[in-house]
Amino acid sequence: MLRIKLPDGKVLEMPDGSTPADVAARIGPGLARAAINARISMAGGPPRHIDVATPIPADCELSIITLKGDDADAMRILRHSTAHVMAEAICRLFPETRLVYGPPVENGYYYDIDLPRRLTPDDFPAIEAEMARIVKEDRPFTRYELPRAAAMKKLAAEGNPYKIDNAERAEGDVLSFYVTGPEPGKYWEDLCMGTHLPSTGRIGAFKVLNVAGAFWHGDATKQQLQRVYGTAFPSKKELDAYLTQLEQARERDHRRIGQELGLFTIDPLVGSGMVLWKPKGAVIRLLLEEHLRGLLRQAGYQPVFSPHVGRLELFRTSGHFPYYRDSQFPPLYESDTARILNELWIAVLERGDAKSISTIEEQLLEELRAANPGLWQTLVGDPQAPEARRLNPAPGHQQHNLAVIREHLRVEDGFLLKPMNCPLHVRIYASEPRSYRDLPVRLAEFGTVYRYEQSGELSGMTRVRGFTQDDAHIFCTPEQLQDELAGCLKLTRYVLEVLGLYDYRVRIGLHDPADPKFIKNPEGWAMAESAVRHAAEQSGISATEEVGEAAFYGPKIDFLVKDCIGREWQLGTVQADYNLPARFELEYIGSDNRPHRPIMVHRAPFGSMERFIGILIEHFAGAFPVWLAPVQAVIASISDRSADYARRVTAQLRDAGFRAEVDDSPDKIGPKKHRARSMKIPYIVVVGEQECSRGTLNVNDRDGRCIGDLSVAAFIDRLRVESRPKRVTTRASAAVE
RNA sequence: GCUGCUGUAGCUCAGCCGGUAGAGCGCGUCCUUGGUAAGGACGAGGUCACGGGUUCAAAUCCCGUCAGCAGCUCCA
């Protein structure tokens with residue numbers, strides 16, 4: 001006998017070998033029809049899913065999963081099963097298809113396939129028709145298991161290297177397969193851990209959405225596969241609702257709204273990833289910047305300014321050059337000699353200390369011989385030259401060679417468009433002696449940085465090549481670190497929440513000791529990582545920890561939000577850094593009258609103005625609150641007879657400091673109102689002869705509500721109140737989940 | 001960077017089984033002086049992204065470049 005405990009606490013006694021289907025049937029015929037899977041947990045163990053036809057292995061707690069309600073697991077099972085159906089359809093249409101991997105994902109599923117023929121959206125109808133046939137046949141999903149050795153033999157015989165790879169990665173002594181049909185061998189099947197719907201007929205509605213490239217194992221050096229995306233829902237109605245929602249989400253795309261509302265433009269003649277802020281977009285940005293500047297003043301930050309370029313030597317010291325040159329604009333070299341020496345420096349660095357001189361270095365030296373024979377003589381040509389000025393091609397001299405080249409670079413070097421502001425702020429800190437009494441020193445700048453992002457990454461304002469960070473660097477003592485981190489976290493949460501961006505998640509990015517892209521300094525990392533962890537905990541933030549997501553110099557606490565189509569972007573960030581202070585040998589004099597090393601906090605609450613405002617445009621769908629709206633009110637005249645009054649009122653509002661525009665065009669009030677509403681202007685003020693004679697304004701909002709007839713003074717009061725940043729309490733965001 | 005798709009008027013898009021271009025919105029002029037989600041008429045505006053090729057003939061077919069979109073990979 002099996003003892004099955006149900007969610008309501010009732011315990012059923014079932015014969016051994018009973019299945020979830022039997023349990024559901026015992027409870028009621030409706031549940032029996034609705035059951036698609038069961039969640040079981042044995043002896044307090046973790047819950048897992050089993051198919052309705054799988055015998056329940058032991059006494060357990062069990063709950064039946066159905067497609068009714070919005071059970072996330074049920075949707076994953078539905079979509080996973082639909083992925084199988086799609087894979088079968090594709091295999092039937094294109095028998096040379098080799099399947100790779102097909103999991104459910106957030107709003108649907110995908111299946112990675114290896115198929116020489118390129119699928120296009122034109123192929124989707126045929127695939128969907130084939131899928132519909134399989135669904136209509138209502139074939140059961142049948143699980144069977146093989147011992148690992150037998151399963152591997154079977155897969156080897158089938159000759160799909162991807163499935164063999166999947167099987168090798170799977171855990172356990174037994175591998176499972178799912179047949180889309182009542183018995184193995186006669187129907188399509190797939191190596192799969194499950195679980196699945198009882199049968200294909202349970203798939204209510206599905207759609208193949210798009211196809212894109214994806215790398216095997218997510219590795220860009222590996223084979224590229226085709227990833228076919230689709231989704232499924234219990235009913236056609238839900239699918240249609242989802243598709244409508246997707247379409248509506250696209251309507252709030254910041255690239256579209258930015259164009260329509262004249263906020264910004266990106267001009268190929270200026271360059272990809274270069275944002276041109278148009279006057280209306282610039283208003284929003286300036287208002288946000290001014291708001292933050294006020295907060296920073298209160299919080300004891302000091303404004304600074306720094307240039308957009310700095311010497312390569314600066315970035316060599318910080319470590320940005322050359323390790324981060326992948327995402328940097330090419331350096332500006334002062335001379336060909338400087339270019340060759342810099343490339344040589346990189347080549348020496350990359351060779352390491354164990355090998356002797358590389359071909360690249362030899363080629364560069366040849367170039368140098370042509371460009372600067374005298375220097376070439378000194379470096380390699382002249383055996384009489386002083387040892388300290390000469391390169392040593394043998395292994396074991398890396399440090400010497402790097403120092404020699406760097407010495408020569410003191411004469412002529414180059415500049416780098418800054419990818420980050422920190423090295424420049426560090427030099428401001430270092431420009432005068434610091435006492436522990438001065439700390440923390442908080443240097444703030446809206447600093448514009450340039451990163452040469454891969455072309456395929458650029459995206460409107462959210463991923464660009466030139467952007468302005470609301471950056472600051474705090475130099476503090478170890479005792480001050482926690483308070484500083486806490487203050488930064490508070491500020492970051494404030495800027496998100498004041499705009500109603502509550503739908504964010506927080507990630508603690510830790511370094512991966514095995515990855516060479518992080519500066520090696522185990523004690524520094526240990527201290528920094530425990531500091532950010534502690535700060536996040538103390539602030540009551542629930543965060544996920546992710547290894548490998550740190551900056552190269554320190555761990556980060558990142559705030560991520562989703563855009564209108566559900567992509568996640570990092571906005572605010574707070575970082576602890578023990579590395580740059582060491583690389584730049586920063587100091588302060590402690591109370592013991594001895595030098596100490598400060599700790600740095602890097603932080604940017606908005607992150608980047610471009611990305612933040614891009615997200616904000618989508619968040620508000622262009623309908624900015626009054627305090628941020630580029631135009632706060634349009635004064636629309638009914639006819640020429642009231643145009644003068646409209647102009648006078650507009651001037652009054654502007655004198656009072658508000659962003660008002662007049663619409664005295666010859667249109668009727670209908671089109672005027674329509675235009676103002678489509679521009680998302682918060683207030684549409686209608687003035688005719690009636691208002692003119694009474695000295696009032698007929699105030700309407702952009703949602704079509706009439707606020708009423710107000711005196712000019714009353715309207716000004718209203719605008720004054722609403723022009724102060726006020727925490728948005730409604731969750732306006734409608735990112736697609 | 002990779003794979004696929006796309007690039008036609010200021011904007012959104014149609015035309016694309018080859019025969020030198022169209023709509024709506026916007027813009028200009030005029031009529032209408034109109035009371036709350038698009039009044040009417042007329043007009044201007046395009047080297048069909050760019051460069052090659054095939055062809056009697058290319059917006060249309062082919063190749064390349066650039067740019068955009070989606071995904072992947074990066075970045076953070």
Side-chain angles (χ1 to χ4, degrees), chain A residues 105 110 112 115 117-123 209-229 250 253 255-256 259-262 265-273 324 326-328 419-420 449 451-460 462-465 467 469 507 509 517 546 548-553 556 558-560 565 567-573 575 602 604 607-608 611 636-643 664-678 684-691 698-706:
Chain A
V105 290
Y110 66 79
D112 281 347
L115 174 62
R117 179 189 191 285
R118 293 290 159 198
L119 291 180
T120 74
D122 295 339
D123 296 314
L209 293 172
N210 64 318
V211 56
F215 300 106
W216 191 31
H217 292 168
D219 181 341
T221 63
K222 296 256 168 63
Q223 161 133 32
Q224 185 142 27
L225 308 164
Q226 299 188 70
R227 177 167 295 179
V228 189
Y229 285 87
R250 276 191 274 271
D253 189 313
R255 291 163 295 196
R256 180 194 179 100
Q259 159 71 27
E260 286 168 357
L261 303 193
T265 186
I266 293 173
D267 181 350
L269 194 56
V270 175
S272 310
Y324 293 85
D326 284 354
S327 56
Q328 286 165 191
M420 294 189 200
V449 297
R451 301 181 187 171
Y452 197 80
E453 305 287 0
Q454 301 187 93
S455 59
E457 294 307 334
L458 301 174
S459 179
T462 47
R463 190 80 184 262
V464 293
R465 284 181 172 162
F467 58 96
Q469 298 178 311
R507 173 180 71 194
K517 74 180 179 181
E546 292 177 40
E549 296 294 333
F552 78 90
Y553 46 76
K556 314 190 303 168
D558 291 332
F559 290 71
L560 297 99
I565 56 173
R567 288 179 297 205
E568 212 172 49
W569 299 96
Q570 177 199 314
L571 296 179
T573 182
Q575 312 167 353
H602 307 233
S608 115
R611 179 177 288 178
S637 55
I638 294 285
S639 77
D640 277 353
R641 285 201 268 277
S642 47
D664 55 2
S665 64
D667 291 314
K668 290 204 208 179
I669 195 64
K672 287 187 185 185
K673 218 176 155 185
H674 173 79
R675 209 158 42 226
R677 292 183 67 176
S678 61
I684 303 153
V685 176
V686 177
V687 293
E689 290 172 275
Q690 201 178 310
E691 286 76 13
N698 180 257
V699 180
N700 303 269
D701 72 14
R702 61 190 157 199
D703 299 316
R705 283 188 292 264
C706 179

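Throughout, protein chains are lettered first and strands after them, A, B, ... in sequence-line order, and every chain is numbered starting at 1. Side-chain atoms are counted along with the backbone in the values below, which use heavy atoms only and exclude waters and symmetry mates.
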Pairing residues for [X] by the ring pair (Phe, Tyr, Trp, His ring centres under 6.0 Å) criterion, not counting sequence neighbours:
X       : result
F467(A) : none
F552(A) : H320(A), Y324(A)
W216(A) : Y162(A)

> What is the per-nucleotide protein-contact pattern of nucleotides 70-76 of chain B, from the 5' end, where B denotes a base atom under 4.0 Å from a protein heavy atom, S denotes such proximity for sugar-phosphate atoms only, and - denotes neither?
Replying inline: SBBBBBB

Taking N or O atoms only and anything under 3.5 Å, show me the protein contacts with nucleotides 62-66 of chain B, one pair per line.
none

My understanding is that only residues two or more places apart in sequence, or in another chain, count here; which of them pass side chain to side chain donor-acceptor pair (under 3.5 Å) with [X]?
X       : result
D112(A) : R227(A)
Q454(A) : none
E453(A) : R463(A)
H674(A) : none

> For C61(B), which nucleotide in any strand shown is its Watson-Crick or wobble partner with both distances under 3.5 Å?
Replying inline: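 Across all strands, the one nucleotide that pairs with C61(B) is G53(B).
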
Could you list all N or O pairs between the protein and nucleotides 39-49 of chain B that sit under 3.5 Å apart?
none

> Listed by chain and number, what are the side chain to side chain contact (heavy atoms under 4.5 Å, CB included) partners of D219(A), not counting sequence neighbours?
Replying inline: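 Side chain to side chain contact (heavy atoms under 4.5 Å, CB included) check on D219(A) returns T221(A), K222(A).
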
> How long is the line joining CG of N700(A) and P of U36(B), in whole Å?
Replying inline: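 Spelled out: CG on N700(A) to P on U36(B) is 11 Å.
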
>> Could you tell me how far apart H674(A) (NE2) and G26(B) (C1') are, to the nearest whole angstrom?
In response: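 Checked: the NE2 to C1' distance equals 11 Å.
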
> Is there a side chain to side chain donor-acceptor pair (under 3.5 Å) between K668(A) and S639(A) once you walk through the steps?
Replying inline: CA-CA 7 Å; K668(A) 290 204 208 179; S639(A) 77; over 6 Å; no

Could you list all N or O pairs between the protein and nucleotides 8-18 of chain B that sit under 3.5 Å apart?
none

> Can E549(A) and R507(A) be counted as an ion pair, charged N to O under 4.0 angstrom?
Replying inline: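 Yes.
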
